[in-house]
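The figures that follow rest on heavy atoms only: side chains count, while hydrogens, waters and symmetry mates do not.
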Amino acid sequence: ANEVPKKVAPSTTIAPSKEVKSDKLFQYSTINALMSGQYDGDITLDEVKKFGDFGLGTLNGADGELTILDSKFYRFDNKGKMTQVPGASKTPFVVATNFNKDKTAYISSVKNTEDLTTKLLAQMDNKNNFYAFKMPVTLKYLKTRSEPKQEKPYRLLKDVLTEEQVEFEYKNVKGTFVGFYTPNYAATINVPGFHFHFVSDDKTLGGHILNLAFDEAIVQIDSISEFEVQLPQTKEFAEADLTKIQLQDILDVEGDTK
Ligand SMILES: C[C@H](O)[C@](C)(O)C(=O)O
Ligand SMILES: [Zn+2]
């Protein structure tokens, strides 16, 4: 009863921090799993939307090229058709973020993807961060690919793409470039280096960019210091050996064909 009352610090209300959407890169599954033929994911695009309004990937069965722009899901198929897919569609591999630019940069006289990556790298302060790039652009030249829906038993992605990828070439296309950069230390998790997709403004074409050229554009750059990987909880994923994929195989399938 006569104990000394505990000293209570004067209550200070901490001003609630400004709500900032988490600047995190979200991905479902890994590039090694996709390369190994894990083409059936157990996540829907509506669930992915919670993690980002901007991204890229594919759909179950490796059924075409997925690009997420302004929270809409665009599928570019092996017939060269672009459609919006419903949020209930599932994906075996997707990368997404709530895009918020940290800076912009003026890029000009881009002759090909190699030239573009050099110009983007020059703008990146920390090569060990992840990055997202959003770039409204008129492409003088665009070469993209897509691939048909696969049937089980699934083959390795490098065999699917070598044998079945369909390539498309366009001139003077206005649209939005959707790109990501993954540091090489994460090369078994996501596509090491750069990974570019595209959606035309008229939503008729796009897909996985193999090559491009353009005169000038302003690129929005989002430097990302956190990434989250959601692992498929499918029997196939649990039993897969994901250690067999070679880095060169990933670079071969993601880059331009010779
Ligand atoms: C399989 C598809 O082409 C995807 C996910 O866009 C890629 O690996 O580049
Ligand atoms: Zn791609």
Side-chain angles (χ1 to χ4, degrees), residues 20-32 34-35 48 51-57 65-70 93-144 175-199 206-229 247-256:
V20 175
K21 270 203 275 192
S22 78
D23 185 8
K24 182 192 292 182
L25 182 123
F26 169 84
Q27 67 177 84
Y28 172 85
S29 191
T30 70
I31 192 61
N32 268 21
L34 188 73
M35 291 287 292
V48 172
F51 298 101
D53 55 13
F54 179 89
L56 51 74
E65 295 291 339
L66 169 70
T67 306
I68 306 172
L69 188 58
D70 305 325
F93 178 78
V94 66
V95 182
T97 191
N98 287 307
F99 191 90
N100 42 54
K101 68 174 182 280
D102 296 307
K103 67 185 245 187
T104 61
Y106 174 75
I107 307 264
S108 62
S109 324
V110 170
K111 292 179 282 304
N112 52 39
T113 40
E114 196 183 337
D115 185 17
L116 175 59
T117 55
T118 306
K119 290 172 175 161
L120 291 176
L121 280 166
Q123 298 293 335
M124 293 157 55
D125 311 332
N126 175 349
K127 310 277 189 298
N128 289 327
N129 264 5
F130 283 65
Y131 282 83
F133 304 95
K134 185 192 268 184
M135 183 170 64
V137 62
T138 298
L139 295 174
K140 282 197 312 195
Y141 171 71
L142 170 64
K143 181 179 180 186
T144 70
T176 305
F177 169 101
V178 171
F180 286 91
Y181 166 84
T182 297
N184 286 338
Y185 63 76
T188 62
I189 304 284
N190 203 327
V191 174
F194 294 89
H195 187 179
F196 303 144
H197 283 204
F198 185 77
V199 178
H208 174 98
I209 296 178
L210 292 174
N211 218 329
L212 53 61
F214 61 90
D215 289 333
E216 58 178 2
I218 305 274
V219 60
Q220 300 166 43
I221 300 172
D222 182 2
S223 177
I224 300 172
S225 57
E226 239 182 297
F227 72 104
E228 173 182 338
V229 184
L247 173 64
Q248 194 52 48
D249 289 343
I250 303 176
L251 300 175
D252 290 349
V253 301
E254 301 302 354
D256 196 359

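Between the Tyr141 side chain and the Asn112 main chain, no donor and acceptor come within less than 3.5 Å of each other. Side-chain atoms of His208 come within 3.5 Å of backbone N or O of Glu254 as a donor-acceptor pair. Formation of a donor-acceptor pair under 3.5 Å by the Gln27 side chain with backbone atoms of Ile189 is found in this model. At distances below 3.5 Å, at least one donor-acceptor pair connects side-chain atoms of Thr144 with backbone N or O atoms of Gly206.
Residues Ile250 and Pro192 are in side-chain contact: their nearest non-hydrogen atoms beyond the backbone lie under 4.5 Å apart. Looking only at side-chain heavy atoms (C-beta outward), Leu25 and Phe180 come within less than 4.5 Å of each other. For the pair Lys134 and Asp222, the minimum side-chain heavy-atom distance is 4.5 Å or more. Here the side chains of Asp53 and Ile68 are not in contact, with every heavy-atom distance at 4.5 Å or above. Residues Leu120 and Tyr131 fail the side-chain proximity criterion, which asks for heavy atoms closer than 4.5 Å.
In plain terms, the two heavy atoms of Ile221 and Ala105 that are nearest each other are CD1-CB, 4.1 Å. What you find for Lys127 and Leu121 is that their closest heavy atoms are NZ-O, 3.4 Å. The two residues Val137 and Ala217 have their closest heavy-atom pair at CG2-CB, 3.8 Å.
Within a 6.0 Å radius of CD in Glu228, more than 12 heavy atoms belonging to other residues, nucleotides or ligands are found.
Between Phe196 and Phe177, the distance separating the two ring centers is shorter than 6.0 angstrom.
In the model, Ser223 has no side-chain atom that pairs as donor or acceptor with a side-chain atom of Asp102 under 3.5 Å.
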